[in-house]
Amino acid sequence: MFIQNAWYIAAWAHEVKDQVLARTICNQSVVLFRDKASGKASALEDRCCHRGTPLRFGEIVDEGLQCGYHGMVFDCAGTCVHIPGQAAIPKQARVRAFPLVEKDEFLWIWMGEPELADTSKILDYPWHNDHRKWPHKHEVYHVKANYMLMVDNLMDLTHLGYVHKTTIGGNPKVHIDAKMTVTPKDTGLHYIRWMLDSQPPPSYVKAAGFTGRVDRWQEFEYVAPSSIVQWSGALDVGRGAAENREQDGGFQLRLFHGLTPETEDTCFYFWSTANGYRQDEPEATEQLFSEISRAFHEDKGIVEGQAAMLQKTGESRLVDIVSDKARIHMRRTVIRILAAEADAAKAPASAAETAHVPAK
């Protein structure tokens, strides 16, 4: 069950060029393509209204997207604008179009009611637009797990010391002893973890050349249903990191995590990493991307293994522990939004039923 009235990442903007891109999102098949004249990206249901042929087999022509079976052409709004050998086009000759917005290198799609698609609610990620201060690289993984398991993984960072001990994690005890503050919000939650006077992990030493202990932080903003903005960093002990994190030197990175459900059992993991240090050295950006990629492949393996096990055993015997605080808040937010959507869906039907009840 997915939250429908929300913005999800359909693709990185660069993935949609001069070819059709087919993707399943929230169990719905969609195709993404760019208009030849304007370059604007659009999303349509991957199903021709003529014989139900997937539009992924078509091609982009001057007028829009041409079905690869009988040549019908649909514009960016899903309206049929051409039928070979037929002048009159039936009004019902159209396919569903999904609201799609290109912003900050993402293509955001709205899977719910089109009239509720408020573009002001699309998350801002300005760091993608500052290549000088925040040089970055990004990736997308296909993960064989429900998207919520991947969000769970980002809400409990005590796993870093065990899963990523040779890269971004380091000593497990450092993470267990971290001072953490969780602040619930209407749209999700915020949390920050401080690891004061700690040994820097291997990835931080490679990047910034630390020779001693550091004050280290991890700040996360979760926006339901599946976007997480991260700012992590470290400064040498004594530099006052708790009072001012935006100092030159040390280590800083910005990470974006976007989990888009494909099916109940699979998802897409869109992530981006930007370095706030040695910005004039391209090798620093490459090195950071390599370290993060290695760590996230470790996450992928763990979560896919977890998903396979839970499919066999279910979740009834799982136990919550103290490190689950942020994860529990996150799950409650999603449950609350799902319940509100379900209530809203019932309301019109209830009103209609009431209108037909005879007066006593």
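Model, not experiment: these values are computed from the prediction.
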So if I apply the side chain to side chain donor-acceptor pair (under 3.5 Å) rule between Ser272 and each of His257, His138, His128, which one comes out positive?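 Exactly one candidate clears the test, His128.
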Using side-chain heavy atoms (C-beta onward) and a distance below 4.5 Å, is [X] in contact with [Y]?
X      : Y      : value
Gln252 : Gln247 : no
Trp108 : Thr119 : no
Asp320 : Arg327 : yes
Tyr8   : Phe268 : no
Gln199 : Asn171 : no
His136 : His131 : yes

Trace of the ring-ring contact (aromatic ring centres under 6.0 Å, His included) decision for Phe106 with Phe256: CA-CA 11 Å; Phe106 301 110; Phe256 178 87; 4.7 Å; yes
Should Leu255 and Tyr269 be counted in the same cluster of Ile, Leu, Val, Met, Phe, Trp and Tyr side chains packed under 4.5 Å apart? yes
Between Arg331 and Asp152, is there a side-chain N and carboxylate O pair less than 4.0 Å apart? yes
For His14 and Glu105, what are the C-alpha separation, side-chain angles and deciding distance, and is it a side-chain hydrogen bond (donor to acceptor under 3.5 Å, both in side chains)? CA-CA 8 Å; His14 74 82; Glu105 299 184 7; over 6 Å; no
Looking at Tyr204, I'd like to know if the NZ or CZ of Arg216 sits under 6.0 Å from its six-membered ring centre while staying within 45 degrees of the ring's axis.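 Here Arg216 passes the 6.0 Å and 45° test against Tyr204.
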